[in-house]
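Residues: numbered from 1 along the sequence shown.
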Amino acid sequence: MIRPARARSVPWSAALRQSVRSGLRLERAVNSPTEAARGAVGVAAVLFPALAVGSPATATSAALGAFIAGTATFQRSFRPRPTLALGAAAALGASTFTGFAALTVPGLFTVVLGCWAFLAGLAWAFGPTAGVVAATSVSVMLVVVQLPVGLFGALVHAGVIALAGLVQAVLIMIWPVRPWGAQRDALADAYASVADYARRLRHDPVAPFDAAPLMVARTAAQLTRRQARRRPQELHGLRGLAERMLPLMAALADPRVGAAAEGPERDRAREMLAAAAQMLDALARAVRRGERLRVPPGVAGVLAAPSGGPALQGAARRAGSRLAALLGEAADAVDSPGNGGGGYLLQPSGLDMVRAAVHTVRSRLHWSSPVLRHAVRLAATVVVADLAGRLLGIPHSYWAALTAAVVLRPDFAQTFSRGVARVAGTVAGVAAATGVAAVSHPGPWACAVLAVAFVAAMYLTMRSGFAAASVFVSGYVVFLLAMSGTSLESTVRSRVELTLLGGALAMVAYVAFPAWETVRLPDRLAELTAACGRYAGAGVRAFGDPAGCDGSGVRSALLAVREARTALAAAEQRAAVEPVRQRGLGAERLSRAERALVALGRVAMLLEAHRPDRSAPPVPGAVEFAGALEATAAEAAAAVRAGQPLAVGGLREAYEAWQQQSQERDGEPGGQREALVHAGGRLAVEAMEELAAALEG
């Protein structure tokens with residue numbers, strides 16, 4: 001058995017200090033002023049007419065609907081912004097009407113509030129954007145149901161909220177701000193990450209690559225057919241070219257299968273990698289800004305073969321030539337729109353999306369799922385906060401439940417840092433709103449103007465930190481409620497007390513019912529182990545059966561590795577700040593295991609760079625060794641989960657038998673390719689042995 005590591009855990013005092021610092025930290029980043037102004041105009045476009053022709057309560061609902069619909073468009077998402085606004089408004093309208101209807105039956109609202117909060121917690125299964133919008137719908141329901149209206153009025157309010165979202169969506173369509181900007185940024189970030197990889201390979205030939213930007217770019221490339229027809233031409237095909245450059249760079253830099261470790265060949269490889277990095281940076285700038293490509297002077301000459309004959313030989317020469325050709329294709333794609341070729345990743349149909357959503361939710365309905373635990377925790381905390389606020393008899397008691405709904409997140413770090421930020425922001429926001437009221441004594445119209453000013457500031461500072469945004473959100477809500485006659489001066493003490501209550505309940509709830517990421521690290525590592533084994537096995541199998549390998553198997557295995565590696569990296573980041581002892585893998589052993597898996601994935605990438613044509617003759621024994629490699633990786637994954645030692649001796653025996661068979665056939669065709677795949681097999685065995693040694697401790 002692998003003994004649990006006595007790893008040093010983060011003390012509670014240190015974790016809390018870090019949460020306080022993180023929550024109160026302000027970033028020097030703001031949203032586009034034009035986008036912030038557009039969102040504020042959308043709020044004003046529904047607030048002022050509703051106040052003029054309707055009641056202050058109707059105007060409050062309209063303003064809240066427009067505010068949340070606008071907030072949804074600032075979330076990190078690659079879906080069309082109008083769709084996000086409409087989706088958020090629909091969720092708000094449904095939650096508002098449900099809340100109003102539940103008020104007609106004594107005690108039913110508490111049940112509905114708990115169920116709605118539970119569903120909002122499950123929405124995190126679809127990603128942060130869905131989770132944030134769903135949590136916000138709970139908080140808005142708590143605010144709007146305080147307005148004195150009947151059942152018919154509830155239907156009117158729900159319709160007004162939906163209309164407010166429609167106004168925001170229309171405004172986005174008629175006032176576009178940097179269209180396709182999110183997709184451009186994702187693709188440009190991917191090219192910049194590949195450029196950084198090329199630079200690091202110059203000094204470290206086995207440097208790892210962070211695939212997260214490419215994964216984001218892949219998500220950004222998922223389009224509907226209508227979007228694909230409207231997409232800027234320079235975004236066509238470029239992501240696929242960047243994907244194909246990666247293994248070629250690795251093959252060029254690695255001295256085991258590429259350029260020699262020292263001498264003229266290594267100098268030439270470094271020169272090509274430096275030029276490639278410059279070209280990739282230029283491509284990233286052109287894509288991000290939507291302008292023509294400006295190739296740095298001398299880059300094209302470096303990428304071309306030197307007049308005195310290329311210093312690169314063999315596999316390194318082939319990798320360098322292919323890399324230069326791909327860079328040329330990318331340059332042509334940017335300079336001559338439409339030449340980038342390539343199709344696009346088709347978004348699933350509506351029915352497929354519903355099926356996928358059902359499958360996603362069902363896959364999270366088990367007790368160890370962080371999403372299910374968050375949903376249960378959120379529902380219980382919101383209900384307890386709502387009941388506690390009422391029992392204490394504090395005015396505006398709903399503010400405690402609202403705070404709990406906004407603060408609670410599926411992980412420890414965000415919950416505690418947002419709790420601190422929410423308390424500080426609410427105190428500052430309510431104090432600022434009260435100070436303005438004390439000086440100006442605003443009426444309903446003045447409150448509406450001040451609310452628009454606060455929401456504009458909130459949209460502008462959303463990227464500055466949750467504390468800054470909380471200041472303006474608190475002031476915005478206070479001025480909206482003041483339109484209905486709520487005394488501004490009476491809100492200060494009660495809202496601060498209720499914010500403290502809601503924030504404290506959220507933090508206590510996470511401690512009492514946690515979902516620690518630390519204890520799931522072995523599972524994440526096991527998933528990465530199995531994925532890397534399949535990727536390496538697919539790379540070897542491509543040499544053993546070229547005719548039966550069209551590249552799709554290697555590609556799907558690569559994507560699985562990237563997803564598993566991204567999940568492990570995110571889990572490590574969250575676990576690093578958790579005040580809980582690591583019960584399975586110590587930090588040192590986990591780091592060594594990850595390095596071994598990086599080496600295993602690198603083997604597959606090197607083989608992918610030289611994958612033979614489908615007409616090439618097969619390498620005998622490669623298919624059998626690929627099967628042994630995949631089976632050993634699957635067994636290793638099971639051993640990691642169970643905390644058992646890894647047995648990889650059988651893989652070494654399979655490799656030696658394969659090599660022995662090759663030596664007995666000395667003189668048969670296919671020597672260079674066979675030597676390459678045998679070298680890859682040897683490196684894969686060494687990586688698996690290193691993984692076993694790392695986990696032995």
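Between the Thr403 side chain and the Gly502 main chain, no donor and acceptor come within less than 3.5 Å of each other. A donor-acceptor distance shorter than 3.5 angstrom exists from the side chain of Gln168 to the backbone of Ala66, with no hydrogens or angles considered. With hydrogens and angles ignored, the 3.5 Å screen pairs a side-chain donor or acceptor of Thr415 with a backbone N or O of Arg409. Put simply, the side chain of Thr381 never gets that close to the backbone of Leu378: no donor and acceptor are under 3.5 Å apart. Proximity of a side-chain donor or acceptor of Arg239 to a complementary backbone N or O of Leu187 within less than 3.5 Å is not detected. Arg184 contributes a side-chain N or O that, together with a main-chain N or O of Val287, makes up a donor-acceptor pair within less than 3.5 Å. Under a 3.5 Å cut-off, the side chain of Arg641 and the backbone N or O of Pro522 do not form any donor-acceptor pair. Judged purely by atom type and a 3.5 angstrom limit, Asn31 uses its side chain to pair as donor or acceptor with the backbone of Tyr459.
In this structure the side chain of Val361 reaches within 4.5 angstrom of the side chain of Phe126, judged on heavy atoms. With a 4.5 Å cut-off on side-chain heavy atoms, Phe412 and Ser417 do not count as touching. Between Phe67 and Met458, some side-chain heavy-atom pair lies under the 4.5 Å cut-off. Side chains of Leu214 and Leu246 form a contact here, defined as non-hydrogen atoms less than 4.5 Å apart. Considering only heavy atoms from C-beta on, Arg377 comes within 4.5 Å of Tyr510 through its side chain. Between Leu122 and Leu365 there is a side-chain heavy-atom pair separated by less than 4.5 Å. No side-chain heavy atom of Leu558 sits under 4.5 Å from any side-chain heavy atom of Val554. Taking 4.5 Å as the limit, every side-chain heavy atom of Glu517 sits out of range of all side-chain heavy atoms of Gln573.
Closest of all the heavy-atom pairs between Met215 and Leu559 is CE-O, 4.3 Å. The two residues Ala385 and Ala404 come nearest to each other via the heavy atoms CB-CB, 4.3 Å. Val598 and Arg565 get closest at one heavy-atom pair: CA-NH2, 3.8 Å. Heavy atoms only, all atoms of each residue included: Ala413 and Val577 are closest at CB-CG2, 3.6 Å. The two atoms that bring Arg524 and Ala571 nearest to each other are CG-CB, 4.0 Å, heavy atoms only. When all heavy atoms of Gly627 and Arg541 are compared, the pair lying nearest together is N-NH2, 3.8 Å.
One finds the CD1 atom of Ile161 at 10.5 Å from the OG1 atom of Thr60 (value rounded to the nearest 0.5 Å). Rounded to the nearest 0.5 angstrom, Ile68 CD1 and Thr73 OG1 are separated by 11.0 Å. The distance from atom OG1 of Thr632 to atom CG of Leu646, rounded to the nearest 0.5 Å, is 10.0 Å. How far OG of Ser137 is from CE of Met141: 7.0 Å, rounded to the nearest 0.5 Å. Rounded to the nearest 0.5 angstrom, Leu528 CG and Glu563 CD are separated by 12.0 Å. Going from atom CD of Glu35 over to atom CD1 of Ile172 covers 9.0 Å, rounded to the nearest 0.5 Å.
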Open item on the list: Between Val177 and Trp175, does the side chain to side chain contact (heavy atoms under 4.5 Å, CB included) criterion hold? Intermediate values first, please.
Closed with: CA-CA 6 Å; Val177 178; Trp175 186 2; 4.2 Å; yes
Open item on the list: I'd like to know whether Phe513 forms a ring-ring contact (aromatic ring centres under 6.0 Å, His included) with Trp367, so could you lay out the CA-CA distance, the side-chain angles of the two residues, the decisive distance to 0.1 Å, and finally the verdict.
Closed with: CA-CA 11 Å; Phe513 190 53; Trp367 203 237; 5.5 Å; yes
Task: Working for salt bridge (Lys or Arg N to Asp or Glu O under 4.0 Å), residues Arg562 and Asp210 - done: CA-CA 9 Å; Arg562 289 179 177 172; Asp210 179 12; over 6 Å; no
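Partner of Leu387 under the side chain to side chain contact (heavy atoms under 4.5 Å, CB included) criterion, out of Val382, Leu113, Thr110: Thr110 alone.
No side-chain donor-acceptor contact under 3.5 Å links Trp116 and Thr98.
Taking 4.0 Å as the cut-off between side-chain N and carboxylate O, Glu608 and Arg555 do not count as a salt-bridged pair.
By the 6.0 Å contact criterion, NE2 on His366 is enclosed, its count of non-hydrogen atoms from other residues, nucleotides or ligands being greater than 12.
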